Amino acid sequence: MKITEIEVHILGGPTEARPHWVSHFPVPAANELLVVLRTDSGLSGFGLGSSNGPLEKTAQLFVDGLQDIIVGRDALSPERLYEKLFSVTWQKIAAEKGWSKAELVLASAAVDIAMWDILGKQAGLPLYRLFGGHRDAVPCYVTCGYYRDGKDLDELREEMQMLKSQGHRAFKAKIGALDLAQDMQRLRVIRDVIGDDAELMIDVNCGWDLTTALAAVKRLPEVNPRWLEEPVHWYDDRRLLKLLAQKTDIPLSAGESELSAQGCRALLEEQAIQILQFDCTRMGGFTMGRKLAALAELNHVEVAPHHDCFLHAHLVAGSPAGLIVESFTDPERDPLQAELFEDPPEIRDGMLYLKNAPGLGLTCLLYTSD
C-alpha cells in the first residue's frame, strides 16, 4: 500500500478579545496542523501537529518538497518513514530549503500519527489495542484556571463551578504569573469549589526560578496537589528539577516542551520526575510515543501526555504506565475539541471511553475519510 496524496490544513480558532494566559505567554484558542494521507488502496488517515506559534511555515514545508519524500512510500511502515523524515533535520536539504528543526519535527509527528491511523484501519483494530490493549477507558482531567484580563476570583470560581458541573473529577490549574501569595489564593478558591476528593494538578509552564519553586513547594501541600508541572525555567530545567525533587514530596512532571524523544529520555535519566508528559503531536508521533511509554514503564514513571486527549488516549490505554489524559472542555478555550470530530469518544465522570472503531476511531469533519 503506497501513499499517493497529502492534504495539509491549518486549523485555528477566533482571535480572543481576552486571551488565555499561562505564566508568561498566551495560548491560542486553537492552533493545529491537520495532515491527511491517502493511499492507492482507498484507505486514508489523518494526524495532527500542535503548536503555540504560527504554523504557516510548517504547512509550506509540504509544498516546498516534503511531500516528495512522503508520496510513494509504504503506508504501513511508520517506523521507516518517521526515521526518514526525522533524518532530514540534519541533512543538506533542510538548510537549502530553510526548514527549521522544530518545523520538521512537528510535520513528521503529524505524518506519523496519520500513518498509524491507516495501519489501524488496515488491521481492523483501534490503536489502543495495537499499542497493547491494557484497558479501554482512561482517566481524564480538564485544564483550567488561566489568567485573563480582568479575571477576578469570582470569575475563577464560576469557571470551576462550570467545569465541575460537566462531571470532571480532576483539574489542572495554571499558576506562576502572580506572586506566590496571590496564586495560593487562587488555588484555595479552586480547591474550595472542586472539593477535597478531586485531584488538583498545578502547572507553572516553566515560570519559576529555583528560589521561587523551593518556596512554593513548602506552601503547595495546603491544596494537596497531585503533581507540579514544569515548575522551573527552561534553560536548565533538568538540573533544576533534580534539585527541586530533593526538597519536596510533590510529584514533578515535565516533557511537553522537549523537541525530541531523546530529550524526554534525559529527563528520566535525571530521576527527577515521576510523570512524563511528552506530546505526540509536537514531536515523535506515535512511533516515538510508544517507545517513551515503554521507557517510562521500565523506569517506574507514569505517562500523562500533553494535549489532544482523543489521540493520546490510545497510548495511555495501551500501556501499564498510562496515567491520565488532558482535556479542554471549555469551547472558549479550545473549540477544536468540541467541533473537530463527529461523535468523539465520551468523557463522563472523569473518564474517557475509547471506541472499537479501527485506527484513531475518529471521523474528522474537515475531510472525507474512507
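The chain is numbered in sequence order, starting from 1. Note that the coordinates shown come from a computational prediction; the quantities given were computed from them, not determined experimentally.
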Among Ile, Leu, Val, Met, Phe, Trp and Tyr joined by side-chain contacts under 4.5 Å, find the other residues sharing a cluster with [X] and list them by chain and number.
X      : result
Tyr353 : Met351
Tyr235 : Trp234
Phe328 : Val22, Phe25, Val27, Tyr146

Determine whether Asn224 and Arg191 satisfy the following criterion, side-chain contact (heavy atoms from CB on, under 4.5 Å), listing intermediate values before the conclusion. CA-CA 9 Å; Asn224 190 24; Arg191 175 55 80 187; 4.0 Å; yes
Between the main-chain N or O of [Y] and the side-chain N or O of [X], is there a donor-acceptor pair closer than 3.5 Å?
X      : Y      : answer
Ser165 : Met162 : yes
Asn205 : Ser23  : no
His134 : Gly318 : no
Lys355 : Asp343 : yes
His312 : Cys280 : yes
His233 : Cys206 : yes
Asp237 : Val232 : no
Ser108 : Leu104 : yes
Glu103 : Ser100 : yes
Lys97  : Gly65  : no

I would like to know whether Arg188 and Asp192 meet salt bridge (charged side-chain N to carboxylate O under 4.0 Å, His left out); could you show each step before the answer? CA-CA 6 Å; Arg188 283 192 290 269; Asp192 180 63; over 6 Å; no
Apply salt bridge (charged side-chain N to carboxylate O under 4.0 Å, His left out) to residues Glu302 and Arg226 and explain how you reach the verdict. CA-CA 12 Å; Glu302 295 178 297; Arg226 173 62 180 84; 3.2 Å; yes
About how many Å separate CZ of Phe310 and CG of Leu354, when rounded to the nearest 0.5 Å?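 Spacing of CG (Leu354) from CZ (Phe310) equals 10.0 Å.
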Once you round to the nearest 0.5 Å, how far does CG of Leu220 lie from CD1 of Ile202? 4.5 Å
Heavy-atom count check: over 12 atoms from other residues, nucleotides or ligands less than 6.0 Å from [X] [atom1]?
X      : atom1 : result
Gln166 : CD    : yes
Gln271 : CD    : no
Arg80  : CZ    : no

Using the ring of each side chain (for Trp, its six-membered ring), is Trp90 parallel, tilted or perpendicular to Phe86, with breaks at 30° and 60°?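 Trp90 and Phe86: perpendicular rings.
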Does the pair [X]/[Y] count as a salt bridge with the N-to-O cut at 4.0 Å?
X      : Y      : value
Arg186 : Asp183 : yes
Arg169 : Glu199 : no
Lys2   : Asp40  : no
Lys242 : Glu269 : no
Arg18  : Asp149 : no

Are a donor atom and an acceptor atom from the side chains of [X] and [Y] found within less than 3.5 Å of each other?
X      : Y      : value
Thr211 : Asp209 : no
Ser87  : Gln91  : yes
Ser257 : Glu230 : yes
His307 : Thr281 : no
Trp116 : Thr287 : yes
Ser41  : Thr39  : yes

Counterpart residues, side chain to side chain contact (heavy atoms under 4.5 Å, CB included), relative to Ala181 (two or more places apart):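 Asp179, Arg219.
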Side chain to side chain contact (heavy atoms under 4.5 Å, CB included) partners of Arg238, counting only residues at least two apart: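 Per chain and number, Arg238 pairs via side chain to side chain contact (heavy atoms under 4.5 Å, CB included) with Glu258, Ala266, Leu267, Glu270.
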Going through the checks in order, is the side-chain contact (heavy atoms from CB on, under 4.5 Å) test met by Glu346 and Leu352? CA-CA 6 Å; Glu346 183 183 14; Leu352 185 151; over 6 Å; no
With clusters defined by side-chain heavy atoms of hydrophobic residues (ILVMFWY) lying less than 4.5 Å apart, directly or transitively, does Leu276 cluster with Ile324?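 No; tracing contacts between hydrophobic side chains, which count when under 4.5 Å, never links both residues.
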Would Leu244 and Trp208 satisfy side-chain contact (heavy atoms from CB on, under 4.5 Å), going step by step from the backbone distance to the final call? CA-CA 11 Å; Leu244 182 61; Trp208 287 336; over 6 Å; no
Option among Arg333, Arg148, Lys151 that satisfies the side chain to side chain donor-acceptor pair (under 3.5 Å) test with Glu159: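 Going through the options one by one, the only one that passes is Lys151.
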Among all residues two or more places apart in sequence or in another chain, which pass the salt bridge (charged side-chain N to carboxylate O under 4.0 Å, His left out) test with Glu32?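 Per chain and number, Glu32 pairs via salt bridge (charged side-chain N to carboxylate O under 4.0 Å, His left out) with no residue.
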Which pair of non-hydrogen atoms, one from Gly45 and one from Ile118, has the smallest distance, and what is that distance?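 Closest heavy-atom pair between Gly45 and Ile118: N-CG1, 3.4 Å.
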Checking Leu323 against Trp227 for the side-chain contact (heavy atoms from CB on, under 4.5 Å) test, could you report, in this order, the C-alpha distance in whole Å, the side-chain angles of both residues, the deciding distance, and whether it holds? CA-CA 12 Å; Leu323 174 62; Trp227 74 61; 3.9 Å; yes
